[in-house]
Amino acid sequence: MNLDEKLRRKQYDLIWQEYCGFLDLSMPQYMEIQNRLLVEQLELYAQCELGNHIMKGKRPSTLDEFRKIVPLTKYEDYADFLLPKIDSALPAKPLAWIQTTWEGAKNPIKIAPYTEGMLKNYTNAIMAVIILATSNTRGEFSLRGGENFLYGMAPMPYLTGLIPHLVNNTFTVNFMPPTNEAELMGFRERSRAGFQMGLQRGVDLFFGLSSIVARMGESFVSGSSGGMNILRNSPKMNGRLFKAWLNSKQDKVPIRPKDVWTLKGLACTGTDSASLKPKIEEYWGVRPLELFGGTECGCIATETWKKDGLVFYPDIDFYEFIPKMEIDKNLDDPKYQPNTYLMNELLPGNQYELVVSNFKGGAFARYRTGDMFKCLSLNNKEEGIKLPHFAYIDRFPTIIDIAGFTRITEDTIDQAIRTSKLDIDDWFAVKDVTEDNRTFLHLYVEIGPEGTRSGLNREIIGEHLSIYFRHIDSDYKDLQALLGLNPLTVTVMPRGTMGQFLDRFGRNIRRMNPYHYDMVEILKMAGDSARREVS
Amino acid sequence: MPLLELLSQFVPSIALLSYCLLLLFFTLAKKDKNIRMFIVVLLGLIVWTAPAILMQTQVYPGVLFWHRIMIAGMLFTPFLIYLFVSVYTASISIFYIILWGLVAGGSMILNLLGYVIVTSTVVNYDIAIGGRHFNGVEFVYTVGPMAYLLFSLMFIMILAIIIRAWKSIKSGNVTYDQIGLIIIGVSIMFLGTLINSLALHKYPIAVLGCFVNAILMTIAIYKYRMLELRFIITRGIAYSVFALVLTAIYVYLVLFVQRQINGEAVSYFSALSALAVAFLFQPLYKLSGNFVDRVFSRAEYMRRQALRSFSHVISNNLDLHSIANLLIESVQQAIRANSVMMLMKDEERGTYQVFHNTSQIFRPDLTIPNDNPIVLWFESDHPSLSRQEMHSLPFFKSMWDKEKRTIDELGIEVIIPIKSRNEVIGLLMLTRKNNNTGYNVGDIDLLTYLGASTGIAIDNARLYSRSQSEAMTDSLTKLRNHRYFHRALQEEVEKLGSGELSLLMIDLDLFKLFNDLYGHVEGDNALETVASILIRNVGQKGIVCRYGGEEFTVLLPRYDTKMAYDLAEKIRMDIEKTFFSMNDVTQRFLTASIGVCTYPYAAPNTEELLKRADIAMYTAKNSGKNKTVIYTPEIQMTEPSLQGRMGASGAMKPNFAATIYALTAAIDAKDHYTFGHSQKVAEYATVLASKLSLDKSHIELIQEAALLHDIGKIGIPEHILTKTGRLTNEEFDIVKQHVEMSITIIKHLPSMNHVIPAVIGHHERWDGKGYPRGLRCENIPLAARCLAIADAFDAMTSNRPYRNSLTVNAALVEIENNVGTQFDPLLANIFVKLVRDGVIKVDGHSPIKVVV
């Protein structure tokens with residue numbers, strides 16, 4: 001019986017149990033699932049070429065052996081098998097290959113295989129997200145089938161592009177615009193078309209990048225979201241628009257999306273979700289549910305009906321966590337193999353980098369995702385959830401993610417500076433936040449003697465580098481086009497500041513996201529000019 | 001009765017009854033907006049139909065009143081159906097609802113005010129059909145000015161219903177499957193009403209149309225499960241419904257009969273006719289009761305039967321296969337599943353495997369490991385597991401894909417545990433039922449009961465099987481025992497036909513000595529080791545039994561003498577190698593002597609086979625041990641030692657004296673001191689032993705052991721034995737080896753084996769610090785303890801090349817000083833007393849004559 005049938009039969013308890021039942025698990029039950037599925041994966045992994053390569057020809061059969069034998073991995077370890085899509089070398093036959101940007105690497109993309117089992121789990125995870133997004137209380141949700149679904153995520157071959165296909169196979173929902181039409185459109189065109197359809201028919205569900213959802217709210221309020229054709233709208237929508245217009249005139253406030261639409265649920269994702277969620281709720285009138293996913297790991301975490309922290313699904317990947325302290329050690333000494341801890345070994349308040357091993361014949365084992373999470377609590381007693389809750393913090397310190405669109409690495413910046421031929425002696429970059437919670441790349445540079453002579457300044461550097469960033473990184477270009485943001489700010493430091501830092505501390509300042517106290521020290525050394533610019 | 005009469009009376013009655021029943025069911029169901037709306041529609045239909053009956057009965061307040069009520073129902077019901085369709089298709093339009101509501105309400109008011117039906121009466125008439133006369137009734141009514149307008153509006157409303165439903169299909173709100181039946185039902189109602197209005201108004205076609213419509217709407221609701229029935233139709237409800245139906249028909253018939261006689265009958269006639277009809281209905285009521293019983297009890301009956309036969313047989317059954325077969329038969333009888341499988345736990349592998357199933361040909365390849373969540377689920381005391389639970393409960397997320405696939409491919413719908421003392425010992429798996437219905441609570445309860453009963457039965461069967469096995473198994477070696485051997489020998493010979501069967505009779509050499517030397521624990525270990533050697537070598541080729549004590553038998557069906565001999569030699573060498581390879585010096589000498597005899601060539605029957613294998617084995621023993629001998633008739637003729645085994649005990653006595661003399665002479669030739677020393681130790685030890693009131697044979701053993709206790713010194717280099725200075729550590733280590741050397745010499749003299757425990761233990765100390773084995777206290781054989789005291793005393797009182805002798809008194813003091821550490825306190829004190837009392841004479845003694 002499919003989900004439509006269950007909805008029609010009003011088997012809501014059964015639906016909840018099937019998709020959201022994992023939130024009832026105790027920690028030992030959760031770990032039992034993790035361990036058993038890992039053993040299944042190890043069996044599959046041991047029988048394939050990729051598995052032999054990653055496990056160095058050994059065959060661990062238990063969790064402990066696996067963690068002892070297999071080192072932490074990066075995409076480079078898999079590239080030779082995955083980029084040429086060698087199916088026969090994999091633990092199980094892939095049904096889909098999913099793509100993403102390989103930040104700062106020689107190859108522009110990374111691809112990951114998805115097997116039948118992984119796709120099934122991905123579907124279940126997404127359905128749990130949709131159900132939980134429409135829920136405020138355990139076991140109760142307002143999803144009934146046939147909802148109008150405004151979908152603002154990237155299309156295939158990105159991971160989010162799979163969602164409309166998987167959801168359409170599970171239950172009846174009206175994607176706006178319809179999936180087959182949407183895949184022929186560009187991002188901007190698709191968003192516009194979806195928005196227009198939403199005005200005509202109404203919107204029940206919305207899923208998008210946090211930055212995009214917030215931006216659409218802003219555009220709506222500012223009236224720049226495109227013209228409304230009341231002749232094409234349903235009378236109901238026209239009625240709502242009219243009522244919203246009357247209220248806005250009366251209260252002298254702009255019309256917000258929530259005045260026009262009553263959403264059943266809103267789901268969002270992206271690095272700046274945490275900071276944008278209040279704004280999204282303000283615009284859309286519904287508390288957004290955050291989820292987390294990645295190309296290599298799949299959709300692995302969702303918030304609950306309380307929307308107060310991510311909980312990891314037990315059956316998507318095997319999770320290990322590297323504490324922040326171990327990451328710092330590893331940053332200082334790249335040869336250092338950081339220790340990992342399991343889900344039942346975490347401490348609330350601590351930050352961790354996530355390490356995943358795919359289940360169900362996936363390719364990745366002990367893969368460092370580069371995503372940082374903060375463990376908020378080990379459970380939620382009030383709601384009776386016995387699993388840890390997390391907040392997504394950011395990417396790994398050496399990667400700067402802006403609005404969930406682009407991921408800038410040391411190599412990207414280096415390449416942009418080299419290509420621009422600007423006389424920049426030295427630099428470091430920090431991910432910074434504006435007053436209205438927008439993230440941006442803050443580049444601190446020291447200009448070389450030639451540059452100083454030729455009057456090189458922050459504006460020129462900013463403009464030049466923006467051009468080269470757009471050239472090197474297509475996502476960066478989208479960021480500017482879609483969000484209207486200039487995500488780069490340049491601060492010029494007095495020459496020799498970084499040299500002074502080296503002299504004083506006996507080490508160079510880290511180029512990407514230096515430690516907080518190093519930043520304090522170097523800004524002190526840079527003196528008032530730099531600090532003024534920063535402030 | 002004319003057709004018209006029949007139709008106009010039966011159709012409304014049946015329709016009304018059906019509406020009432022539907023109303024009852026839907027009222028009991030869990031209600032949502034669809035159900036609530038449908039209940040309202042049913043009420044409208046009742047209002048439409050009931051007056052038709054009341055008109056015929058002409059009950060108060062009269063035909064006109066009921067006719068107007070019926071028209072009110074007719075005018076208002078389409079509006080109610082319109083509302084229902086709007087709710088059902090989720091296409092509520094307030095405008096149209098208000099519009100049609102006003103039309104329907106207005107129509108009703110006009111109707112009740114008399115603008116639709118002006119007059120309405122019943123005319124009785126007499127009609128002759130085929131020469132027979134019938135009394136009939138006919139409604140005669142006149143319609144008012146608004147009638148045609150209102151009927152037209154009603155038709156338009158019915159059309160609007162159909163249009164709304166059609167639009168909903170087109171807009172995708174509902175599918176044709178969902179709404180199709182409702183469109184058909186409303187269309188039939190429309191046609192019925194139209195026909196009734198235009199012509200044939202005498203016939204209740206409109207009511208019939210409404211009835212069909214209600215049935216189709218019910219099917220539509222049920223088919224798409226908008227209805228969650230929260231009650232089960234019990235026998236009580238079914239009886240009530242039948243009683244209701246029969247009462248209605250009964251009342252109707254009574255009234256009908258009464259009307260037929262048209263008031264001409266007197267009151268008692270009415271009563272009589274009622275009584276007659278009631279009498280006629282009695283069998284019908286009984287019949288209906290039986291029908292209800294059959295329908296409702298069929299499943300129950302089958303279950304009862306299954307349970308009865310299962311409970312009866314299971315309690316007397318101790319055979320696992322039979323229990324499994326019975327369980328599956330009972331399940332099939334009660335549930336009728338397409339396929340039933342029973343899995344049993346394999347304790348060794350820790351998995352559950354198919355033990356029995358319904359198919360005689362195909363046995364599914366299904367193995368469920370111990371850690372499978374299905375097993376863990378039942379260990380947590382859950383009574384059953386359905387496919388749906390397996391797919392929806394998070395507990396089962398840890399199932400592997402291949403595990404899920406196997407369960408799905410086999411079409412398993414329900415799993416029931418078979419538990420014994422809280423341990424899941426088996427699983428009962430069922431596929432879909434034959435009639436494709438789901439498993440209900442009753443089915444699950446029954447299966448749970450069967451599972452629990454089977455668990456107890458299996459437990460009993462296993463206990464029985466275990467006790468049976470234990471009765472046939474040697475508890476130490478886990479080999480089959482003497483009893484089993486005799487049964488197996490008989491069975492194997494019987495089923496042998498013209499083939500051969502060889503028997504190996506294996507006896508461990510000097511095993512009693514082994515036990516005496518190393519204790520019974522070591523002896524038991526040695527037996528277990530030998531058992532494992534036998535199992536390893538024989539495997540599935542034969543039957544290994546512990547015949548008794550240190551004797552083993554191996555039955556080798558279809559083994560000729562040569563093959564049996566080869567295997568026996570392999571076993572013998574394996575035993576020899578195993579024990580000789582052990583580091584412990586004290587286990588060097590465990591070997592086996594094996595006799596081989598083959599049926600039918602060397603023995604005509606089982607008794608002779610056993611006897612002759614035994615003879616061959618004793619031949620091996622008496623010809624030097626550690627060898628294999630094949631039985632031939634010549635052996636029996638030439639083997640005198642067999643007489644002992646054959647019952648002529650005491651006829652044989654080894655010539656100990658000659659042997660001892662020969663050995664002591666050898667030592668005398670090499671080391672005269674030792675010769676004299678042995679003589680004296682023998683004298684002292686014998687006196688001591690006599691004082692202990694030991695039996696004669698024990699005293700003789702001590703005497704012989706004393707004479708031979710230092711025989712190993714033959715192997716010690718002469719320069720060490722005669723060294724005048726203090727011995728170095730290395731030299732002392734060499735001297736200490738004389739104990740083991742003594743054993744090495746004596747073990748080759750079968751007749752002297754009995755002295756080995758005393759000889760090997762004469763340098764042990766009471767406190768466990770002696771050598772070679774470090775035995776302590778009474779673990780040291782008594783004879784050895786006697787020798788130790790006598791040996792030490794003579795050593796102290798004799799002159800040695802490296803020191804002068806102590807005085808007797810000094811030697812006794814020395815012994816007393818070492819009581820409880822070196823010497824057995826009891827024996828040492830007795831010995832000292834014997835010396836002091838002069839019973840043991842130290843000077844002037846003469847060598848003991850060795851006379852046995």
Side-chain angles (χ1 to χ4, degrees), chain A residues 1 3-26 28-44 91-92 115-118 120-121 124-125 128 144-146 172 174 201 234-236 313-316 359-361 387, chain B residues 29-35 88-95 168 171-175 177-179 220-230 368-377 379-380 386-406 408 438:
Chain A
M1 204 193 304
L3 182 57
D4 267 334
E5 191 73 12
K6 286 177 197 157
L7 284 169
R8 196 156 53 223
R9 294 185 180 203
K10 304 184 190 311
Q11 295 176 328
Y12 303 130
D13 291 349
L14 188 65
I15 294 168
W16 181 271
Q17 188 182 65
E18 188 171 341
Y19 294 103
C20 308
F22 72 97
L23 294 169
D24 297 333
L25 291 169
S26 65
Q29 287 172 333
Y30 185 96
M31 292 311 293
E32 169 68 26
I33 295 171
Q34 285 265 292
N35 295 346
R36 197 160 193 276
L37 292 181
L38 179 68
V39 176
E40 178 189 35
Q41 174 69 7
L42 290 180
E43 270 197 11
L44 297 170
T115 64
E116 189 184 349
M118 292 169 81
K120 269 187 196 164
N121 280 351
N124 290 344
R144 293 294 177 265
T172 309
N174 306 314
R201 299 181 189 174
S234 68
K236 184 179 166 188
Y313 296 104
D315 54 344
I316 310 279
F359 291 148
K360 307 292 171 195
L387 305 175
Chain B
K30 188 188 176 190
K31 288 177 274 299
D32 63 2
K33 56 185 178 184
N34 289 321
I35 304 297
Y88 185 72
T89 57
S91 56
I92 297 170
S93 165
I94 301 294
F95 172 76
S168 296
S171 68
N173 279 2
V174 284
T175 61
D177 285 347
Q178 285 171 277
I179 197 83
I221 288 173
Y222 181 75
K223 195 173 171 188
Y224 290 97
R225 295 288 173 105
M226 291 181 301
L227 173 67
E228 283 182 66
L229 282 175
R230 287 294 169 94
I368 292 182
N370 254 344
D371 69 341
N372 187 297
I374 294 175
V375 180
L376 302 179
W377 175 255
E379 280 175 358
S380 316
S386 67
R387 175 202 281 266
Q388 184 184 295
E389 285 174 320
M390 219 182 307
H391 282 280
S392 65
L393 287 173
F395 191 86
F396 294 93
K397 282 188 184 289
S398 63
M399 270 182 90
W400 293 8
D401 279 352
K402 67 177 178 190
E403 291 171 342
K404 283 184 194 162
R405 223 171 12 246
T406 311
D408 284 346

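Order of the sequence lines sets the chain letters (A, B, ...), proteins ahead of strands, with each chain counted from 1.
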Are there over 12 heavy-atom neighbours, none belonging to B:K404, within less than 6.0 Å of that residue's NZ? yes
Proximity of residues 29-36 of chain A to chain B, residues having a non-hydrogen atom under 4.5 angstrom: A:Q29, A:E32, A:I33, A:R36
CD (B:Q388) and CD (A:Q17) are apart, to the nearest 0.5 Å, by 8.0 Å
Heavy-atom pair with the smallest gap, counting every atom of A:P314 and B:K397: CG-CD, 4.0 Å
Under 4.5 Å from any heavy atom of chain B, what part of A:Q41 do you find: side chain, backbone, both or neither? neither
Interface residue of largest heavy-atom contact number with chain B, from A:L25, A:V39, A:L37, A:L23, under 4.5 Å: A:L37
In terms of heavy-atom proximity below 4.5 Å to chain A, should B:E403 be classed as side chain, backbone, both, or neither? side chain
Using the rule side-chain contact (heavy atoms from CB on, under 4.5 Å), only one of A:L14, A:I15, A:D13 pairs with B:S392; which is it? A:L14
Nearest heavy-atom neighbours spanning B:P394 and A:G21: CG-O, 3.2 Å
Would you check if the side chain of A:E40 reaches a backbone N or O of B:D401 as a donor-acceptor pair within less than 3.5 Å? yes
Let me confirm one number: the CH2-CG distance from B:W400 to A:L44, rounded to the nearest 0.5 Å. 8.0 Å
